[in-house]
Amino acid sequence: MKTRPPTHPGSGAHTSLSRSRFKVDSNHAPLLVIWEVTRSCELACLHCRAEAIHKRDPLELSLDEGKALLDDVHRMGTPLIIFTGGDPFQREDLEALIAHAARLGLRVGTIPATTDRLTRERMISIRAAGLDQMAISIDGETAAKHDNFRQVPGSFAKAMQAARWAHELDIPLQVNTVFGAWNADDFDALADLVTSLRIVFWEVFFLVPTGRGVGLEGCTVDQFETLFAKLDALSQRVDFKVKVTEAQHYRRFLAERYPDQQSLAAAHGHMPSVAVNAGRGFCFVDHTGVVSPSGFLPFPCGNVRQQSIVDIYRESPTFRALRNPDLLEGACGQCPHRVVCGGGSRARAYALTGNLHAPEPGCILTQAPTRLVEGMGVEPTTS
């Protein structure tokens, strides 16, 4: 099979899987599909939305079913596919899935767990199959903090080794980090570590209390605002892409800080006018084929074994409702930034309220609605 030639992340020849590169009508196709190819994993991470265990499910989508799903993802017009888990390296046919996606022209990423399955030989294999980018998770700037979070000793060391192998093998490297109240004060130290790893992409997740994560405390609104300021400053001084996930109200922060497109573009380059959010530009398929707006919003809307993902994404009442900013309630419903940020994390709002359209609990405008009046000409609400 002919594969795309590898390029070194620092060479300038490679462009990361940056979502701003692609133009997609989110009413007809998601910008990216995340497929949980297995839920099995040897780690026991404190925040795991999947509550993964080290056992393969016999009901996982087969290789042929997976290829059919990828065919539909391509037909829908989606440019990005991410193979996640659990640990996708627990699937022996991962390379076959990557190769099929690459042949279709999809840009392909994967997120292996930092276990003994993450070997140099396996990384060579997935790169040869056509992988465009690999992510590893780093959730503490020290081995003690990271390993405690991942609940397996040696996980941090394996992540550092994987980063070195990625550079040796010319695999563009992404780092994922989850933030909550427990490590919000560690941002600077984590940013220094991540910057030292010569990555192309840092995906900064903010905790959504689902799965095992219900026992953790998310960021306060003040911590969100502090971290948003730090993310803004960091993104302007590093040469890798910084992406914020499950904190779409970061875009509200940027809109307030940079009130015109010229100043925003000068600071951050081109940004899409509408945030990617659960069900709007984003779609999740679990290991058994169940389709949800997001892995952090496990709201079943169909199964690819009975219905095309194309029809589910375009026609599901839940997906369509999530794409309608006019359905947002409370402070989010009245906010002038409701379109640009999509009402913040719909997954967090649902997890904490049981209401798909409730205000984003982590946004300062939700907690201090009088700010909606000050200088915005919008009346507050008590709903």
Side-chain angles (χ1 to χ4, degrees), residues 18-27 31-32 179 184 187 191 201-206 208 218-238 241-282 294 322-349 357-381:
S18 173
R19 299 169 191 180
S20 62
R21 294 178 53 212
F22 302 97
K23 306 296 183 184
V24 178
D25 181 350
S26 61
N27 287 312
L31 183 63
L32 71 161
F179 281 96
F187 179 88
F201 205 97
W202 190 21
E203 187 139 11
V204 176
F205 288 81
F206 285 85
V208 174
C219 289
T220 66
V221 292
D222 289 336
Q223 287 173 328
F224 270 114
E225 295 297 299
T226 297
L227 292 180
F228 288 168
K230 289 178 179 290
L231 285 162
D232 176 29
L234 176 71
S235 64
Q236 295 182 59
R237 68 172 185 266
V238 296
K241 178 74 173 178
V242 179
K243 171 67 176 65
V244 178
T245 294
E246 296 304 342
Q248 286 85 350
H249 51 304
Y250 176 52
R251 295 167 64 90
R252 182 272 309 159
F253 174 91
L254 293 178
E256 291 182 338
R257 176 164 284 196
Y258 305 99
D260 60 81
Q261 286 297 317
Q262 185 175 358
S263 61
L264 178 59
H268 290 276
H270 171 73
M271 293 184 65
S273 59
V274 178
V276 171
N277 211 326
R280 186 174 73 176
F282 191 96
S294 163
L322 286 167
R323 292 195 289 268
N324 184 356
D326 292 337
L327 296 179
L328 292 169
E329 300 174 4
C332 284
Q334 298 181 70
C335 183
H337 307 299
R338 67 184 182 278
V339 174
V340 73
C341 87
S345 169
R346 293 295 85 212
R348 182 178 298 105
H357 309 295
E360 159 63 77
C363 182
I364 196 168
L365 298 188
T366 300
Q367 303 302 319
T370 54
R371 280 194 54 189
L372 289 175
V373 179
E374 298 170 1
M376 294 185 182
V378 180
E379 293 296 329
T381 180

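Owing to the predicted nature of the structure, the values given are computational and were not obtained by experimental measurement.
The minimum heavy-atom distance between Gln223 and Cys219, with the atom names listed, is OE1-CA, 3.3 Å. The two residues Thr366 and Cys332 have their closest heavy-atom pair at OG1-SG, 4.4 Å. The minimum heavy-atom distance between Pro361 and Val221, with the atom names listed, is O-CG1, 3.8 Å. Here the closest non-hydrogen pair linking Phe224 and Gly362 is CD1-O, 3.2 Å. Contact between Ala358 and Ala349 at its shortest, heavy atoms only, is O-CB, 3.5 Å. Closest approach of Val208 and Ser345 over heavy atoms only: CG2-OG, 4.1 Å.
Between the side chain of Arg348 and the backbone N or O of Glu246, at least one donor-acceptor pair lies under 3.5 Å. Panel note: side chain Asn277, backbone Phe282; no donor-acceptor pair is recorded below 3.5 Å. Listed for the Arg280 side chain is no donor-acceptor partner under 3.5 Å among the backbone atoms of Ser26.
We find the CD1-NE2 distance between Ile364 and His249 to be 9.5 Å, quoted to the nearest 0.5 Å. Taken from CG in Leu31 to CG in Asp25, the straight-line distance is 11.5 Å, to the nearest 0.5 Å. For the atom pair NE2 (His337) and CG (Leu254), the distance works out to 10.5 Å, reported to the nearest 0.5 Å. To the nearest 0.5 Å, the span separating CG on Asp326 from NE2 on His357 amounts to 11.5 Å. From Arg252, atom CZ reaches atom SG of Cys335 across 7.5 Å, with rounding to the nearest 0.5 Å. Here the CZ atom belonging to Arg237 is positioned 10.5 Å from the CG atom belonging to Asp232, to the nearest 0.5 angstrom.
Classification of the Tyr250-Phe253 ring pair by plane angle, with boundaries at 30° and 60°, yields parallel. Taking the six-membered ring where the residue is Trp, Phe179 and Trp202 present perpendicular rings, their angle passing 60° and hence far from 30°.
Under the rule for a side chain to side chain donor-acceptor pair (under 3.5 Å), the partners of Ser235 that lie at least two apart in sequence or sit in another chain are His268.
Contact check for Leu365 versus Glu256: side-chain heavy atoms found under the 4.5 Å cut-off.
Glu360 has no carboxylate O lying under 4.0 Å from a charged side-chain N of Arg338, or vice versa, which leaves the two without a salt bridge.
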Steps toward side chain to side chain contact (heavy atoms under 4.5 Å, CB included) verdict (Leu227, Phe206):
CA-CA 10 Å; Leu227 292 180; Phe206 285 85; 3.6 Å; yes

